[in-house]
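A quick write-up on the structure given underneath.
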Amino acid sequence: MFLSIRLPIHYEASRTYPLLLINDGQDFERLKIDLLLTSLLQREVIEPVLVVGIHAGADRLHEYGTACKPDYANRGNRAGDTTSFVLEELLPFLEQYYLFAKSEIVYAGFSLGGLMAFDIAWNHDTVFSKTGVFSGAFWWRQKALDAGYRDSDRIMHEQIRNFPGKPRLKFWFQTGSHDETDDRDHDGVIDSIQDTLECIAELEHKGYQWGRDIRYLEVAGGEHNPETWSRAMTDFLTWAFPAKK
């Protein structure tokens with residue numbers, strides 16, 4: 001497993017920092033992570049943060065997903081292994097070499113990697129405090145569209161709906177108005193936006209509130225690519241790690 005690790009400016013080995021894990025760390029260059037972090041830190045609009053990008057492997061479609069079950073095509077059947085890696089190998093490794101605040105661990109990702117980040121954070125709220133999802137693959141479903149699919153077949157929505165209790169988390173979501181063109185119910189709203197908003201609705205049913213627990217950013221003209229996600233990154237970072245007054 002390859003990692004991209006970004007230390008904050010003027011990193012001090014004697015103090016703790018918030019920790020941000022990001023799936024698909026191989027895209028850091030296209031996301032302009034270094035440039036954005038440097039700019040925000042120099043302007044003092046975010047707290048110094050330790051950023052770790054987890055590179056996806058060749059079997060990304062099987063390693064990312066929802067740990068509770070794979071989708072209808074058996075994709076995500078190794079998501080449980082990814083969860084175990086993050087919790088049992090990666091975090092202990094980072095703890096051995098870096099000081100980070102265990103109360104401020106945030107997990108983010110893009111597309112299917114965003115779904116994976118959300119799934120891990122949702123099921124382990126004693127470890128993570130916030131999660132950020134860029135163009136999340138909330139369409140992830142247990143039945144194909146041509147096999148009698150209903151919206152209740154979306155796996156993450158079902159998991160939230162049936163989850164006992166209310167995890168102690170805060171959520172950030174982004175979509176782009178040009179994420180895709182699919183509109184399965186022909187209501188004029190593309191699926192990625194509908195699936196995300198309806199995921200937020202499930203969270204609201206749990207008692208989470210817009211503005212307090214949930215932030216949603218819709219990027220006009222935004223596409224399903226790292227360039228759009230880079231445009232949204234400043235909003236996410238200032239939400240997740242605002243500078244302390």
Exercise. Just checking, Arg15 and Tyr17: is the charged tip under 6.0 Å from the six-membered ring centre and within 45° of the axis?
Worked result: yes
Exercise. Just wondering, more than 12 heavy atoms not from Lys166 lying within 6.0 Å of its NZ?
Worked result: yes
For this session: For the residue pair Val86 and Val127, establish whether any side-chain heavy-atom pair is separated by less than 4.5 Å.
Result: no
For this session: Using a 4.5 Å cut-off on heavy atoms from C-beta on, say whether the side chain of Lys102 contacts that of Glu95.
Result: yes
Exercise. Does any N or O in the side chain of Glu180 come within less than 3.5 Å of the main-chain N or O of Ser192, such that one atom is a donor and the other an acceptor?
Worked result: yes
For this session: Using modelled atom types only, decide if a donor and an acceptor are shared between the side chain of Lys170 and the backbone of Arg212 within a distance under 3.5 Å.
Result: yes
Seminar exercise, completed: Closest non-hydrogen contact found for Ala232 with Trp172 is O-CZ2, 3.7 Å
Exercise. So which residues get pulled into Tyr149's cluster when ILVMFWY side chains under 4.5 Å apart are joined, directly or through others?
Worked result: Leu145
Exercise. About how many Å separate CD1 of Ile33 and CG of Leu237, when rounded to the nearest 0.5 Å?
Worked result: 6.5 Å
Seminar exercise, completed: For Asp24 and Ala56 the tightest heavy-atom approach is OD1-CB, 3.3 Å
For this session: Pick out which of Met116, Met156, Gln159, Arg75 makes a side-chain contact (heavy atoms from CB on, under 4.5 Å) with Trp140.
Result: Arg75
Exercise. Which pairs, with at least one residue in residues 194-206 and sequence neighbours excluded, count as a side chain to side chain donor-acceptor pair (under 3.5 Å)?
Worked result: Arg154-Asp195, Arg154-Glu198, Arg161-Glu202, Arg184-Asp195, Asp185-Gln194, Gln194-Glu198, Glu204-Trp210
Problem set entry | Whether Phe236 and Phe134 hold their rings parallel, tilted or perpendicular, with breakpoints at 30° and 60° | perpendicular
For this session: Please check if any side-chain donor atom of Thr131 sits under 3.5 Å from a side-chain acceptor atom of Trp122, or the reverse.
Result: no
Problem set entry | Non-hydrogen side-chain atoms of Thr175 and Phe138 separated by less than 4.5 Å | no
Exercise. Sub-3.5 Å donor-acceptor pair from the side chain of Asn23 to the main-chain atoms of Gly113, do we have one?
Worked result: yes
For residues 39-51, which side-chain N or O atoms pair as donor and acceptor with protein atoms under 3.5 Å away, sequence neighbours left out?
unit_1, atom_1, unit_2, atom_2, d
Ser39, OG, Arg43, NH1, 3.3
Glu47, OE2, Lys244, N, 2.9

Exercise. Under the salt bridge (charged side-chain N to carboxylate O under 4.0 Å, His left out) test, which residues partner Asp119, sequence neighbours left out?
Worked result: none
Seminar exercise, completed: Heavy atoms of Ile160 and Cys199 approach each other most closely as CD1-SG, 3.6 Å
Problem set entry | Leu115 vs Tyr64 side-chain heavy atoms within contact, under 4.5 Å | no
Exercise. Would a 4.5 Å heavy-atom cut-off, applied to side chains only, mark Phe110 and Ile22 as touching?
Worked result: yes
Exercise. Under 3.5 Å, side chain of His62 to main-chain N/O of Asn77, donor-acceptor pair present?
Worked result: no
For this session: Mark yes or no for whether Gln142, through its side chain, and Tyr72, through its backbone, hold a donor-acceptor pair below 3.5 Å.
Result: no
Problem set entry | For the student: nearest non-hydrogen atoms of Pro70 and Gly76, plus distance | CB-C, 4.1 Å
Problem set entry | Glu63 side chain to Asp81 backbone, donor-acceptor under 3.5 Å | no
Exercise. Which of these passes salt bridge (charged side-chain N to carboxylate O under 4.0 Å, His left out) with Glu158: Lys69, Arg150, Lys143?
Worked result: Lys69
Exercise. Would you call Asp153 and Arg141 a salt bridge, taking side-chain N to carboxylate O under 4.0 Å as the test?
Worked result: no
Exercise. What orientation do Tyr11 and Tyr98 show, parallel under 30°, tilted 30 to 60°, or perpendicular over 60°?
Worked result: perpendicular
Exercise. Taking all non-hydrogen atoms of both residues, which atom of Thr83 and which atom of His124 are closest, and how far apart?
Worked result: CG2-CE1, 3.6 Å
Exercise. Side-chain contact, heavy-atom cut-off 4.5 Å: Leu36 with Ser230?
Worked result: yes
Exercise. For Arg6, which residues count as a salt bridge (charged side-chain N to carboxylate O under 4.0 Å, His left out) partner, sequence neighbours excluded?
Worked result: Asp34
For this session: Heavy atoms only: give me the nearest Ala108-Leu20 pair and the separation to one decimal.
Result: CB-CD1, 4.2 Å
With a 3.5 Å cut-off and sequence neighbours excluded, list the donor-acceptor pairs that the side chains of residues 219-226 form with protein atoms.
unit_1, atom_1, unit_2, atom_2, d
Glu223, OE1, Asn225, ND2, 3.1
His224, ND1, Asp179, OD1, 3.2
His224, NE2, Ser111, OG, 2.8
Asn225, OD1, Glu227, N, 3.3
Asn225, OD1, Thr228, N, 2.9
Asn225, OD1, Thr228, OG1, 3.3

Exercise. Parallel, tilted or perpendicular: which fits the ring planes of Phe173 and Phe171, with parallel below 30° and perpendicular above 60°?
Worked result: parallel
